[in-house]
2 protein chains.
Amino acid sequence: MPDWTPDLSGPVPLYRQIAAYIRGKIGSGSWPPGTKLPPQRTLARELGVNRSTVVAALGLLAESGLIEGRHGGGTAVTRPGNGEGGRGSWLAYVEEGRHYPNLPAIQAINRLEFSPGLIRLGTGEPGPDLLPGTEMAAVMAELAQGPLPLPYEEPLGSLRLRRAVSAELARSGINAGPSSILILSGALQGFQLISLGLLPKGSSIVLEKPSYLYSIHAFQSAGVRLHGLAMDDRGLIPEELEPAAARTGAALLYTIPSFHNPTGIVMDLERRQQLMEKTDALGLPVLEDGAYQELWLDAPPPPPLKAMDRSGRVLHLGTLSKSASPGLRIGWIAGPEPVIQRLADIKMQTDYGASSLSQQAAAIWLEKGLHDRHTETLRMKLRERRDLLLALLERHFAGLASWNRPSGGFYVWLRLKHPLPLPKLFHAALAEGLLLNTGDLYDRSDSRHLRLSFSYASPAELERGIARLAEVIRQFGGQV
Amino acid sequence: MPDWTPDLSGPVPLYRQIAAYIRGKIGSGSWPPGTKLPPQRTLARELGVNRSTVVAALGLLAESGLIEGRHGGGTAVTRPGNGEGGRGSWLAYVEEGRHYPNLPAIQAINRLEFSPGLIRLGTGEPGPDLLPGTEMAAVMAELAQGPLPLPYEEPLGSLRLRRAVSAELARSGINAGPSSILILSGALQGFQLISLGLLPKGSSIVLEKPSYLYSIHAFQSAGVRLHGLAMDDRGLIPEELEPAAARTGAALLYTIPSFHNPTGIVMDLERRQQLMEKTDALGLPVLEDGAYQELWLDAPPPPPLKAMDRSGRVLHLGTLSKSASPGLRIGWIAGPEPVIQRLADIKMQTDYGASSLSQQAAAIWLEKGLHDRHTETLRMKLRERRDLLLALLERHFAGLASWNRPSGGFYVWLRLKHPLPLPKLFHAALAEGLLLNTGDLYDRSDSRHLRLSFSYASPAELERGIARLAEVIRQFGGQV
Ligand SMILES: Cc1ncc(COP(=O)(O)O)c(C=O)c1O
Ligand SMILES: Cc1ncc(COP(=O)(O)O)c(C=O)c1O
């Protein structure tokens with residue numbers, strides 16, 4: 001989103017306003033020498049003007065020598081005469097640094113999710129009408145009664161919240177006292193802390209393929225390799241584990257046993273037991289991601305792996321993002337105390353703990369039973385949306401694709417009848433106002449899946465979006 | 001803080017309760033095989049029982065084979081018979097991982113800050129009576145009116161908050177539009193993002209010595225080296241810069257020009273100008289930490305370096321932690337847009353953005369002028385506390401130490417007359433109920449400074465604490 005748009009009714013011509021705006025960016029160092037300007041078309045769209053207006057503005061700036069054409073095409077802020085430019089500029093570092101950038105498609109999604117008007121068919125969060133606005137406002141009102149938790153918090157996070165999380169975990173069969181729990185600024189942070197704090201560079205992780213973990217770079221940026229294992233509709237295939245672990249010397253298994261992202265699959269009880277036995281025999285620690293486990297739609301899933309763990313071999317991740325609110329940025333990790341303490345120490349060096357307002361809001365939310373009540377309602381609504389999505393797929397995708405019937409979580413893993421170049425499909429759909437999460441985000445080699453989410457788009461948007469998506473794919477199929 | 005204490009009035013003998021508690025920890029995998037138990041004395045203190053009770057409980061557990069003496073001394077959870085134990089346990093990873101642990105003293109401080117009863121003489125946050133409890137409660141009440149920001153936020157952070165921060169920065173002379181600003185989960189996170197996202201491994205940073213940056217490991221853990229430069233009472237000595245930058249091939253200069261942590265020094269205007277010229281000539285990017293800049297007590301400091309920057313050579317860090325509330329975990333970094341976007345991309349991979357509740361609370365706080373009003377009051381109160389601390393030092397430390405008169409911020413950098421083994425002093429003071437931040441945290445080779453803070457302890461605590469500290473140092477001096 002642009003932070004400024006021209007004053008359409010003012011006396012200054014638009015192109016002059018725009019030239020002045022860009023001159024300000026350059027003069028203040030916001031766009032230092034060498035900065036590439038956005039394409040004219042993008043500028044025009046963002047500023048809400050015709051492309052010719054942008055051309056006139058850029059012409060003015062080029063005349064005064066502030067911008068110039070670049071060798072590779074496009075326009076950039078002029079570097080000083082000696083050609084050195086950017087000396088002492090932070091710009092030189094933008095492509096340095098060890099951490100990989102997000103996948104370009106993820107960057108685009110992160111940005112486009114804030115463009116109004118798009119139908120978001122893959123977004124992994126509850127839509128605005130599924131979020132507990134009223135209930136959370138009541139929590140805020142209670143918070144306002146004070147006393148507010150304004151100082152820095154303890155390394156593990158607020159004891160009150162850890163107690164509430166411990167009680168919540170107990171209900172899923174997990175026995176973890178408050179000192180075995182670290183509060184995270186969202187579950188995502190757990191990956192970062194583990195990759196910085198526990199795994200030596202060059203380690204390997206085995207995990208389901210596809211997996212959410214392929215869409216982020218926390219481990220890869222730390223020099224940790226991922227090795228995907230095949231799944232079937234009962235989850236990870238335990239027989240895959242031993243040869244893969246042997247071949248890769250894997251340091252840990254990452255798994256999303258309940259309502260897997262992106263496939264929606266639930267690992268059944270027998271598989272869970274086999275997995276615990278195999279990993280025990282192999283001496284393989286397990287990182288269990290329970291992000292969706294409470295969002296069952298038909299029947300509760302089998303107990304989490306952590307509930308079967310007697311020897312501290314499982315670290316368990318949880319979050320409030322998928323039901324209460326992603327914006328709270330509250331997650332947790334439970335496991336052996338020495339490990340939790342190591343992670344807490346890294347967390348203190350990373351951000352000094354999660355927002356204490358969020359922590360207190362989360363504690364109230366859990367303590368008062370608001371969480372359970374809301375999750376109950378959410379399940380009901382998600383059930384309706386799942387059924388709607390499945391009906392729409394029947395109507396529009398028969399012959400075009402096949403799909404599963406997820407028993408929980410947010411996702412349908414749509415398998416296209418024919419492989420397609422997914423990045424092109426992404427753009428073709430975008431041109432039609434549809435924002436997609438394509439399968440290659442979750443498995444680099446994939447060319448025939450889409451992660452469809454029934455959690456975000458409203459029923460009306462789903463109706464329009466799925467019909468339009470089928471058209472795009474049909475047309476697209478013709479063009480390939 | 002322990003998450004459980006025995007029931008003193010119940011029918012079950014204390015030692016049995018404690019044995020059952022530890023058995024639970026072992027049985028649930030919270031203390032997996034190989035976990036070292038805390039020392040008996042620590043257990044006794046934390047559980048609020050006599051040491052003999054702990055000994056009896058451990059005896060019971062040893063009898064049943066659950067715990068055993070360790071070779072190096074102490075007690076640990078028994079490993080399975082084959083001696084392998086810990087196979088497949090996360091425990092094996094606790095000493096792996098690339099990120100350094102916090103300094104042991106920082107770990108102790110992080111923990112001890114939550115032990116009631118200690119007088120915290122070095123803590124770098126506003127004390128409970130200086131935090132704006134009432135005003136922040138009003139912000140919460142406004143938040144509760146809704147609509148609440150419950151979804152994930154944009155990569156740069158909430159536009160509303162970025163607008164408010166931009167306006168705030170403008171008042172210190174910094175011209176940074178909302179798209180040049182990234183909202184951080186506290187300024188500390190900025191170091192982590194820069195070290196992951198901008199600096200190649202093996203880079204060097206030049207910085208003031210001593211410095212806050214020595215007390216955290218964000219850069220060192222990423223393989224970046226720190227080279228300290230001498231300061232005098234006008235701040236960093238610009239002549240130091242050129243030879244050091246040449247020798248080390250420094251990638252950037254980190255500086256806290258206003259009310260430096262830990263020395264309290266303000267870089268004067270002339271030095272700032274020299275610094276900007278030198279770094280320009282050297283092509284050296286600058287990371288300016290403005291954490292304390294608004295907390296002037298006598299007169300406003302010279303403009304921030306970022307206000308003198310026309311070429312995008314300065315990244316500027318700010319935070320609400322030192323005035324409004326550390327618990328909000330809201331900071332920001334301002335700089336060239338391409339750099340800010342790279343950092344935002346890493347942030348999205350780290351924690352998906354700061355708590356949106358905190359962001360909205362911060363926006364309201366700034367927009368309504370509450371921040372300025374509170375900072376004004378805070379300055380007044382800090383002035384009183386500074387003057388009290390200086391008076392107390394006159395009374396108790398004449399002949400024992402020398403010190404500066406800080407014109408802002410939180411700290412007096414006390415220089416002891418004789419070098420002392422600071423880690424021992426830390427423990428001696430702790431035994432007297434005083435929590436210290438010793439100089440070696442900010443300069444590994446230091447043996448004669450203490451960072452005293454007038455922001456945290458109440459006036460009564462300062463009175464008692466400083467008198468007691470003088471005694472400890474006197475006695476201690478005798479023992480060396
Ligand atoms: C499987 C899985 N784990 C973890 C997360 C991270 O959630 P958060 O950081 O919001 O708690 C997500 C979010 O998409 C997810 O799908
Ligand atoms: C100089 C300096 N910079 C940054 C910080 C980090 O502050 P926060 O992460 O709470 O915003 C501190 C806190 O002690 C500090 O002293």
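Reminder, nothing fancy here: chain letters follow the sequence lines and each chain counts from 1. Owing to the predicted nature of the structure, the values given are computational and were not obtained by experimental measurement.
Contacts of A/Ala344 with chain B are absent, with no heavy-atom separation under 4.5 Å from either backbone or side chain. For chain B, the nearby parts of A/Leu315 are the backbone and the side chain; heavy atoms of each come within less than 4.5 Å. Neither the backbone nor the side chain of A/Phe191 comes within contact range of chain B; no heavy atom of the residue lies under 4.5 Å from a heavy atom of that chain. Only the backbone of A/Ile26 comes within contact range of chain B, with at least one heavy atom under 4.5 Å from a heavy atom of that chain. Contact annotation for B/Leu357: both backbone and side-chain heavy atoms come within less than 4.5 Å of a heavy atom of chain A. For B/Ala138, no part sits under 4.5 Å from any heavy atom of chain A, backbone or side chain. Heavy atoms closer than 4.5 Å to chain B are found in both the backbone and the side chain of A/Pro132. In this structure, chain B has heavy atoms under 4.5 Å from both the backbone and the side chain of A/Leu198. Interface remark: A/Gln189 contributes backbone and side-chain atoms alike to the contact with chain B (heavy atom separation under 4.5 Å). Of the two parts of A/Glu337, the backbone and the side chain both hold a non-hydrogen atom closer than 4.5 Å to a non-hydrogen atom of chain B. Only the backbone of A/Pro149 comes within contact range of chain B, with at least one heavy atom under 4.5 Å from a heavy atom of that chain.
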Subject >> Derivation of the side chain to side chain contact (heavy atoms under 4.5 Å, CB included) call for B/Val339 and A/Leu91 >> reply: CA-CA 6 Å; B/Val339 179; A/Leu91 233 58; 4.1 Å; yes
Subject >> Candidate pair B/Tyr152 and A/Arg329, rule side chain to side chain contact (heavy atoms under 4.5 Å, CB included), full reasoning >> reply: CA-CA 8 Å; B/Tyr152 289 112; A/Arg329 307 308 306 125; 3.4 Å; yes
Original post:
Could you walk me through whether A/Glu96 and B/Leu199 pass the side chain to side chain contact (heavy atoms under 4.5 Å, CB included) check?
Top reply: CA-CA 6 Å; A/Glu96 307 275 350; B/Leu199 299 188; over 6 Å; no
Subject >> Candidate pair A/Met136 and B/Leu150, rule side chain to side chain contact (heavy atoms under 4.5 Å, CB included), full reasoning >> reply: CA-CA 9 Å; A/Met136 205 54 91; B/Leu150 298 180; 3.8 Å; yes
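Contact check for A/Tyr93 versus B/Pro285: side-chain heavy atoms found under the 4.5 Å cut-off.
In terms of heavy atoms, B/Arg98 sits closest to A/Ser195 at NH2-O, 4.3 Å. In terms of heavy atoms, A/Ser355 sits closest to B/Ser358 at OG-OG, 2.7 Å. Across every non-hydrogen atom of A/Gln349 and B/Pro101, the tightest pair is NE2-C, 3.3 Å. Between B/Ala144 and A/Ala137, the closest heavy-atom pair is O-CB, 3.4 Å. Across B/Gln192 and A/Leu196, no two heavy atoms sit closer than the pair NE2-CD1, 3.2 Å. Of all heavy-atom pairs spanning B/Pro338 and A/Ser30, the tightest one is CD-O, 3.8 Å.
For A/Pro151, the side-chain contact (heavy atoms from CB on, under 4.5 Å) partners are B/Glu125, B/Leu131, not counting sequence neighbours. In this structure, the side-chain contact (heavy atoms from CB on, under 4.5 Å) partners of A/Thr319, at least two apart in sequence or on a different chain, are A/Ala187, A/Ala291, A/Ser321, A/Lys322.
Note that CG of A/Leu156 is 10.5 Å distant from CZ of B/Phe114, once rounded to the nearest 0.5 Å. In this structure, the separation between CD on A/Glu153 and CG on B/Asn110 is 12.5 Å, given to the nearest 0.5 Å. Going from atom CD of B/Glu154 over to atom CZ of A/Arg111 covers 11.0 Å, rounded to the nearest 0.5 Å. The structure places OG of B/Ser325 at 8.5 Å from CG of A/Leu148, a figure rounded to the nearest 0.5 Å. The distance from atom CG of A/Asp351 to atom OG of B/Ser185, rounded to the nearest 0.5 Å, is 5.5 Å. For the atom pair OG (A/Ser179) and CD (B/Glu46), the distance works out to 9.0 Å, reported to the nearest 0.5 Å.
When atom types are taken as modelled, the side chain of B/Trp90 and the backbone of A/Leu287 share no donor-acceptor pair closer than 3.5 angstrom.
Under the 3.5 Å distance criterion, with hydrogens and angles disregarded, a donor-acceptor pair is assigned to the side chains of B/Asp345 and A/Gln107. Using a 3.5 Å distance cut-off with no hydrogens or angles, the side chains of B/Ser180 and A/Lys25 do not pair a donor with an acceptor.
Chain B forms the most heavy-atom pairs under 4.5 Å with one residue out of A/Pro126, A/Ala141, A/Ala251, and that residue is A/Ala251.
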